[in-house]
Amino acid sequence: MKYAIVSDFDGTITCEDVGDFLLVHFGLVSVKDIEKAYLLDIPVEKWMKKYFRRIEKIPVPEIEKAIRENIKVKKFVRETIKACKKTGIPFEIASGGVDLYAGPVFRKERLKARSFFGKCSIKKGKAKIRYPFLKGLELSDFKKSRVVRYREKGYTVIFCGDGPNDLKAALAADMVFADSRLYKICRE
């Protein structure tokens with residue numbers, strides 16, 4: 001049997017949602033505002049464009065320092081990615097997160113995996129967030145499309161996620177490793 005793994009990033013690969021952490025850490029949104037975002041039926045990419053762009057007020061070196069000092073990946077993530085590479089199991093990350101913080105996490109933890117992240121550029125004090133890989137899809141549909149792509153190629157697909165926007169991909173997968181909010185939704 002051939003396996004493939006498609007995973008979320010924030011709160012799935014990492015111990016906590018990095019984007020949420022940064023916004024709260026720098027006082028750009030409240031925990032209450034973030035919790036509301038998980039209850040509403042707002043696509044992650046739209047929420048990020050509206051709220052995460054506030055990060056433009058924080059110098060990039062300060063963002064990277066906060067990541068180095070506070071963000072960790074979950075146990076066995078590094079080993080799983082290495083084992084997949086060694087055995088030829090496709091492993092990829094599909095995320096509503098952005099390269100601005102994913103890059104420092106990947107460097108800090110020495111992770112290498114095929115990834116789909118938003119692009120965050122800060123020029124003249126203004127942040128712009130783009131998701132060129134979505135090509136008109138919402139993020140939840142894109143994640144599902146990655147699972148379906150591997151299933152159509154004959155793989156048994158494992159999906160790993162933690163949030164409501166991971167549900168479509170989880171339902172399309174053969175096996176699911178669910179954490180946090182996704183776990184609760186799947187149990188219900």
In sequence, state the C-alpha distance, the side-chain angles, and the governing distance for Arg78 and Leu111, and then conclude on side chain to side chain contact (heavy atoms under 4.5 Å, CB included).
CA-CA 6 Å; Arg78 206 175 297 104; Leu111 301 177; 4.0 Å; yes

To the nearest 0.5 Å, atom CZ of Arg151 lies from atom NZ of Lys144 at 10.5 Å

Checking side-chain polar atoms at under 3.5 Å, does Glu64 have a donor or acceptor matched by the opposite partner on Tyr101?
no

For the residue pair Asp174 and Thr156, confirm or rule out a side-chain donor-acceptor distance under 3.5 Å.
no

Describe, in one word, how the ring planes of Phe9 and Phe117 are oriented to each other, choosing from parallel (under 30°), tilted (30 to 60°) and perpendicular (over 60°).
perpendicular

Please determine whether a side-chain nitrogen of the Lys or Arg among Asp166 and Arg181 lies less than 4.0 Å from a carboxylate oxygen of the Asp or Glu.
no

Sort out for me which residue in Asp141, Leu139, Val147 forms a side chain to side chain contact (heavy atoms under 4.5 Å, CB included) with Lys143.
Leu139

Determine, using ring centers only, whether Tyr155 and Tyr3 are less than 6.0 Å apart.
no

Looking only at side chains, do Asn165 and Tyr38 share a donor and an acceptor under 3.5 Å apart?
no

Cluster overlap Val157 with Met1, hydrophobic side-chain contacts below 4.5 Å:
no

Are the aromatic rings of Phe159 and Phe177 close, with centres under 6.0 Å apart?
no

Can you confirm whether more than 12 heavy atoms, excluding those of Tyr183, are under 6.0 Å from its OH atom?
no

Pair listing, salt bridge (charged side-chain N to carboxylate O under 4.0 Å, His left out) test, anchored in residues 122-139, at least two apart:
none

Crowding at NZ, Lys2 (>12 non-hydrogen neighbours, <6.0 Å)
yes

Minimum heavy-atom separation for Met48 to Ile129, with atom names?
O-CD1, 3.4 Å

Mind checking whether Cys84 and Ile81 have side chains closer than 4.5 Å, heavy atoms only?
no

Hey, could you give me the CD1/CZ distance between Ile55 and Phe26, rounded to the nearest 0.5 Å?
6.0 Å

